Amino acid sequence: MPTVPTRSPDWCSRVADLLLRAPARAGRCRAIALEGPSGSGKTSLAGALAERLRCPVVHMDDLYPGWEGLAASVSRARREVLGPIAEGRPADWRRWDWEAGDWAPDGPGGRHRLDPPGLLVIEGCGSGGAELRPALSLLAWVQAPERVRAERLDARSDAALYAPYREMWAAQEARFYASDAPRDHADLVLENG
């Protein structure tokens with residue numbers, strides 16, 4: 001499996017080329033998942049890749065039903081995002097409001113609708129789940145050293161909100177990575193340290 005260091009100036013082009021050469025597996029959509037532990041830099045990399053590809057990004061953060069919702073988000077991503085796209089229908093999901101601790105109001109800003117795109121980046125813990133892999137053209141495992149990940153988590157704008165749940169979330173990640181083994185099924189590794 002190839003390793004692409006994100007410190008390389010051409011990392012984004014290399015990953016975009018891999019995606020464009022991969023078969024469409026979600027209907028006519030080529031979807032890439034950026035999976036990896038918290039603090040590995042998935043969101044930043046997804047933004048850069050989506051800008052390069054000129055395509056939308058779906059954030060698993062919007063799909064988790066709260067702090068204990070990592071496992072449940074995988075089925076939700078299949079039902080509400082990748083499944084409809086694969087069938088040529090719009091994806092439609094309501095996002096979780098982390099500050100309110102509940103679903104966002106059903107309306108603008110709270111509900112997302114996405115017509116089936118030709119290319120899609122989906123990022124976050126759970127995006128490489130076994131249930132989603134049949135619809136993915138590529139699965140990228142994003143990794144960074146533990147120290148770097150901890151520094152990134154401490155520097156997040158929502159670090160104070162996240163701090164009380166950090167250990168619980170890490171335990172969910174460990175269970176998910178043990179059960180679904182996304183690293184073992186990845187098509188490439190993004191070294192993001």
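The structure presented is a predicted model; accordingly, all values stated were derived computationally and were not measured.
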Flag, side chain of Asp97 to backbone of Glu99, donor-acceptor distance under 3.5 Å: yes

Do Arg113 and Asp92 sit within salt-bridge range, that is, some charged N less than 4.0 Å from a carboxylate O? no

Locate the shortest heavy-atom distance separating Ile122 from Leu136; write the atom from each residue and the value. CG2-CD2, 4.2 Å

Could you tell me which non-hydrogen atom of Leu49 sits nearest to which non-hydrogen atom of Cys12, and how far apart they are? CA-SG, 3.5 Å

For the pair Val57 and Leu120, evaluate side-chain contact (heavy atoms from CB on, under 4.5 Å) and give the outcome as yes or no after the intermediate values. CA-CA 6 Å; Val57 178; Leu120 177 68; over 6 Å; no

Main-chain N/O of Cys125 paired with Tyr64 side-chain donor or acceptor, under 3.5 Å: yes

Does Leu34 offer a backbone N or O that forms a donor-acceptor pair with the side chain of Glu123 under 3.5 Å? no

Ring-face cation of Arg183 near Tyr177 (centre distance under 6.0 Å, axis angle within 45°): no

Hey, could you give me each pair passing salt bridge (charged side-chain N to carboxylate O under 4.0 Å, His left out) that has a residue in residues 59-87? Not counting sequence neighbours. Arg76-Glu80, Arg78-Glu131, Glu87-Arg89

Looking at every non-hydrogen atom in both residues, tell me the closest pair between Glu173 and Ser38 and how far apart they are. OE2-OG, 2.6 Å

Leu53 vs Leu19, side-chain contact (heavy atoms from CB on, under 4.5 Å): CA-CA, chis, key distance, verdict: CA-CA 9 Å; Leu53 292 166; Leu19 181 61; 3.7 Å; yes

Within residues 21-34 or reaching into it, pairs that qualify as side chain to side chain donor-acceptor pair (under 3.5 Å) - sequence neighbours excluded: none

How are the rings of Trp169 and Trp67 set to each other: parallel, tilted or perpendicular (split at 30° and 60°)? perpendicular

Answer with yes or no whether the side chains of Asn192 and Thr6 bring together a donor and an acceptor at under 3.5 Å. yes

Test salt bridge (Lys or Arg N to Asp or Glu O under 4.0 Å) applied to Arg95 and Asp106, step by step: CA-CA 9 Å; Arg95 78 172 174 81; Asp106 195 11; over 6 Å; no

